Chemist: 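Got a structure here, written out as structure tokens. Questions coming.
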Number of protein chains: 2
Amino acid sequence: MRIGQLAQQAGVDIQTIRFYERQGLLPPPNREDNGYRTYKADHADKLLFIRRCRSFGMSLEEIGVLQSYQEQPQQPCVAINELLDRHIAQVRNQIASLQVLENQLMTLRGCCDNERQNLDCGVLSGLLGGDKPFS
Amino acid sequence: MRIGQLAQQAGVDIQTIRFYERQGLLPPPNREDNGYRTYKADHADKLLFIRRCRSFGMSLEEIGVLQSYQEQPQQPCVAINELLDRHIAQVRNQIASLQVLENQLMTLRGCCDNERQNLDCGVLSGLLGGDKPFS
DNA sequence: GCTTGACCCTATATATACTACATGGTTTTT
DNA sequence: AAAAACCATGTAGTATATATAGGGTCAAGC
Ligand SMILES: [Zn+2]
Ligand SMILES: [Zn+2]
Ligand SMILES: [Zn+2]
Ligand SMILES: [Zn+2]
């Protein structure tokens, strides 16, 4: 299988596959005489694993760690679950931060009724910080 | 005022000020004979405006647009409020995406009880995609 | 006069996870 | 044979800074 086929199969850009190889997430495939990469089913599996982890928002570094766990089948899986727990905690932190931000933004938005000049815009005043609409 | 003073006053790294200047968000200040930048109160105001916008999660590009509105005091402020509305909508989209992700992650987390080997870890199986715990 | 430390300058590299381009070689199709 | 499609490497771009390298400037103390 050449890189274009693999890319189409996995729904990934060709460049992305080469990028994962450079990052050490995909092992370097064999090369044909002309230098073309040739992949086997194993590579396709690994690529799908990466993409699946990415769809869960994991970083490439986290994915690399998970791969190393995969290569130690006898080890207790506590480390895997801890990694996932940290990842979930981080997602929750992001959500919480964004919710705080959303509230601040709505307060700011409430400072203008949309029918003024830029000079008197409550939103712009709020951003300038002169009058403080926030406690 | 030199760059170090301005940085301390605004609670910003010196590099960040130079970075904003390169990005066109801060006007190039005058230089002393030795090449040192000298700032006035106006610069401090502009820097605080940028930082305040950043604390609301706005991009540097959005901030640039807001600055251009600021320089047109007579224009109706509708554009400002629309920019803010778009920004709020984007924050809400991010929150929604992250909440979907959080649910998926919790489902995945429920696939393992923490007391197995990596080989049998439900989390790892879920990431490998062989058995599909998701609809 | 000289050293030390604090401050300033530019230019470049790093982080993330790709994506796009430039340039050139190879294969396949027409 | 020519054109289209594919592959290769290497570079640069995205966003928002932060960090480092290597060097110039300035004020104080000895
Ligand atoms: Zn994570
Ligand atoms: Zn307004
Ligand atoms: Zn925005
Ligand atoms: Zn497990």
Side-chain angles (χ1 to χ4, degrees), chain A residues 1-26 28-39 43 46-67 86-87 90-91 93-94 97-98 101, chain B residues 1-26 28-39 43 46-67 86-87 90-91 93-94 97-98 101:
Chain A
M1 194 188 339
R2 304 224 270 225
I3 197 171
Q5 267 182 281
L6 178 60
Q8 194 173 15
Q9 195 183 91
V12 174
D13 195 295
I14 288 177
Q15 313 273 30
T16 302
I17 294 174
R18 292 199 274 246
F19 172 70
Y20 288 157
E21 183 183 332
R22 275 203 306 283
Q23 299 305 117
L25 290 176
L26 277 176
N30 290 331
R31 300 285 186 134
E32 299 174 17
D33 290 347
N34 51 24
Y36 288 13
R37 293 170 174 82
T38 50
Y39 296 96
H43 285 102
K46 288 203 153 100
L47 179 54
L48 288 175
F49 176 74
I50 295 170
R51 290 269 92 194
R52 199 158 168 80
C53 289
R54 288 290 299 133
S55 79
F56 281 106
M58 289 173 187
S59 69
L60 298 187
E61 189 185 354
E62 284 171 323
I63 296 170
V65 173
L66 284 177
Q67 284 179 340
R86 279 194 301 275
H87 185 62
Q90 182 201 317
V91 169
N93 280 341
Q94 277 186 53
S97 299
L98 284 172
L101 184 59
Chain B
M1 199 193 329
R2 302 224 271 224
I3 196 170
Q5 268 182 281
L6 178 60
Q8 195 175 13
Q9 194 183 92
V12 174
D13 195 297
I14 289 177
Q15 313 274 28
T16 302
I17 294 175
R18 293 199 275 246
F19 172 70
Y20 289 157
E21 182 183 333
R22 276 202 306 283
Q23 300 306 119
L25 291 176
L26 278 177
N30 290 329
R31 300 284 187 134
E32 299 174 18
D33 290 345
N34 51 24
Y36 289 13
R37 293 169 175 82
T38 49
Y39 296 96
H43 284 102
K46 288 200 154 101
L47 179 54
L48 288 176
F49 176 74
I50 296 170
R51 289 270 88 192
R52 199 156 169 82
C53 290
R54 288 290 299 135
S55 79
F56 281 106
M58 290 173 187
S59 69
L60 299 187
E61 189 186 352
E62 284 171 322
I63 296 169
V65 173
L66 284 177
Q67 284 180 338
R86 280 194 300 277
H87 185 63
Q90 183 201 318
V91 169
N93 280 341
Q94 276 186 54
S97 299
L98 285 172
L101 184 59

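Everything quoted here is computed from the prediction, not taken from an experiment.
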Chemist: Do A:Arg54 and A:Leu60 come close enough that some side-chain heavy atom pair is under 4.5 Å?
Modeler: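 Yes; the side chains approach each other to less than 4.5 Å.
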
Chemist: Could you tell me the separation between the OH atom of A:Tyr20 and the CZ atom of A:Arg51, rounded to the nearest 0.5 Å?
Modeler: 3.5 Å

Chemist: Donor-acceptor pair, distance only, cut-off 3.5 Å: does the side chain of B:Thr38 make one with the backbone of B:Asn30?
Modeler: yes

Chemist: Is the count of non-hydrogen atoms from other residues, nucleotides or ligands lying under 6.0 Å from B:Gln23 atom CD greater than 12?
Modeler: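 Yes - once you tally the heavy atoms of other residues, nucleotides and ligands closer than 6.0 Å, there are more than 12.
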
Chemist: CG of A:Leu26 to CZ of A:Phe49: how many Å apart, nearest 0.5 Å?
Modeler: 11.5 Å

Chemist: Measuring from atom CZ of B:Phe56 to atom CG of B:Leu66, what distance do you get when rounded to the nearest 0.5 angstrom?
Modeler: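 Result: 11.5 Å between the selected atoms.
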
Chemist: Could you work out how much the helix from C:dG1-D:dC30 to C:dT30-D:dA1 bends, comparing the axis of its first five pairs with that of its last five, to 10°?
Modeler: 40°

Chemist: For nucleotides 4-15 of chain D, just jot down a letter per nucleotide in 5' to 3' order: B, S or -, based on protein non-hydrogen atoms under 4.0 Å.
Modeler: --BSSB------

Chemist: Run the salt-bridge test on A:Arg37 and A:Glu21 with the 4.0 Å N-O cut-off and return the result as yes or no.
Modeler: yes

Chemist: How long is the gap from CD1 on B:Ile3 to CZ on B:Arg18, to the nearest 0.5 Å?
Modeler: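 The CZ atom of B:Arg18 is 4.5 Å from CD1 of B:Ile3, to the nearest 0.5 Å.
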
Chemist: Do other residues, nucleotides or ligands put more than 12 heavy atoms under 6.0 Å from B:Gln8 CD?
Modeler: no

Chemist: For a side-chain contact (heavy atoms from CB on, under 4.5 Å) check, start with the C-alpha distance between A:Gln90 and A:His87, then their side-chain angles and the critical distance, and finish with the verdict.
Modeler: CA-CA 5 Å; A:Gln90 182 201 317; A:His87 185 62; 4.3 Å; yes

Chemist: Tell me, please, the opening and closing nucleotides of DNA chain C, 5' to 3', among those with an atom under 4.0 angstrom from a non-hydrogen atom of chain B.
Modeler: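 It runs C:dC7 to C:dT10.
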
